[in-house]
Amino acid sequence: MSIEVETSDLAEVDEVVEILRATRTAAAAAEGALEAEPATATAAAAAPHLRRVMLDNMARRDPNMEGGVDVTLLAEAVGRIGDLAETEASGNVTLSSIRTIAATGVTYVSVGALTHSVTALDISLNIETK
């Protein structure tokens with residue numbers, strides 16, 4: 001079983017990193033229990049299965065930056081996670097910004113623009129019978 005957790009700011013990234021590190025430390029010490037606050041108990045229980053952290057909307061639109069996005073926050077999040085889990089960038093990803101986003105070192109990039117920005121094509125089929 002693999003679990004992906006979604007984060008949208010550095011505070012959430014730090015919380016996930018803390019849980020991942022505690023889980024890895026507990027596993028290395030062969031301890032069966034992980035202490036956690038009630039609010040993070042579910043995340044802590046899932047942590048051994050956590051494989052990917054989604055970094056949602058951490059690439060901010062900025063027409064003055066390369067690719068039209070500011071990836072400062074995204075790059076910081078990727079650095080904090082390091083090799084504890086795979087990372088996935090999502091939000092504000094376009095075909096023109098994907099190269100800049102990928103350069104941050106994320107493992108995966110989700111390009112929603114491929115599906116939700118498609119222009120509909122209205123086609124009908126009229127058959128006349130005689």
Side-chain angles (χ1 to χ4, degrees):
M1 172 172 67
S2 274
I3 295 175
E4 176 175 333
V5 64
E6 181 177 330
T7 60
S8 59
D9 59 45
L10 290 177
E12 291 176 355
V13 168
D14 287 341
E15 184 177 349
V16 170
V17 166
E18 182 180 322
I19 290 167
L20 284 169
R21 285 190 178 137
T23 302
R24 302 304 192 271
T25 301
E31 295 176 4
L34 173 67
E35 292 183 25
E37 295 298 316
T40 61
T42 302
H49 305 285
L50 194 143
R51 300 289 178 259
R52 187 179 305 173
V53 179
M54 179 187 287
L55 306 169
D56 195 29
N57 292 313
M58 290 195 187
R60 312 290 181 173
R61 290 184 184 162
D62 185 342
N64 299 318
M65 302 293 282
E66 183 180 345
V69 290
D70 178 2
V71 294
T72 307
L73 185 63
L74 178 62
E76 177 67 23
V78 170
R80 290 183 186 192
I81 294 166
D83 63 355
L84 292 171
E86 297 173 340
T87 54
E88 177 180 353
S90 175
N92 295 318
V93 181
T94 63
L95 296 179
S96 61
S97 68
I98 193 167
R99 184 178 308 270
T100 304
I101 290 170
T104 64
V106 294
T107 314
Y108 300 97
V109 180
S110 296
V111 186
L114 292 174
T115 56
H116 64 68
S117 299
V118 173
T119 304
L121 176 62
D122 186 11
I123 300 175
S124 65
L125 176 63
N126 295 322
I127 300 174
E128 284 187 34
T129 59
K130 293 186 182 191

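Numbers here simply count residues along the sequence, with the first being 1.
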Over 12 non-hydrogen atoms of neighbours within 6.0 angstrom of CZ in R60: yes
Within a reach of under 6.0 Å around CZ of R51, are more than 12 heavy atoms found that belong to other residues, nucleotides or ligands? yes
Please tell me whether V5 and V13 are part of a single hydrophobic cluster in this structure, the criterion being side-chain heavy atoms less than 4.5 Å apart. yes
List for me each residue that meets side-chain hydrogen bond (donor to acceptor under 3.5 Å, both in side chains) alongside E4, sequence neighbours excluded, and say none if there are none. none
Hey, could you give me the CE/OG distance between M58 and S8, rounded to the nearest 0.5 Å? 6.0 Å
Quick one: list whatever passes side chain to side chain contact (heavy atoms under 4.5 Å, CB included) with N57, sequence neighbours left out. N92
Which residues pass the side chain to side chain contact (heavy atoms under 4.5 Å, CB included) test with T107, sequence neighbours left out? E86, T87
Does the side chain of T7 reach to within under 4.5 Å of the side chain of V16, using non-hydrogen atoms? yes
Are R80 and L10 packed together at the side-chain level, in the sense that at least one heavy-atom pair is separated by less than 4.5 angstrom? yes
Shortest non-hydrogen contact from V93 toward A89: CG2-O, 4.4 Å
Out of curiosity, I98 CD1 to I101 CD1, how far, rounded to the nearest 0.5 Å? 7.5 Å
Under 3.5 Å donor-acceptor pairs involving side-chain atoms of residues 63-74, not counting sequence neighbours:
residue	atom	partner	partner atom	Å
D70	OD1	T72	N	3.0
D70	OD1	T72	OG1	2.5

Does the side chain of E88 reach to within under 4.5 Å of the side chain of V106, using non-hydrogen atoms? no
Output all residues satisfying side chain to side chain contact (heavy atoms under 4.5 Å, CB included) with S96, sequence neighbours left out; order by chain, then residue number. T94
Do L55 and L20 share a hydrophobic cluster (ILVMFWY, side-chain heavy atoms under 4.5 Å, transitive)? yes
Test side-chain hydrogen bond (donor to acceptor under 3.5 Å, both in side chains) applied to E6 - qualifying residues, sequence neighbours left out: none
Contact check, side chains of E18 and D14, non-hydrogen atoms, under 4.5 Å: no
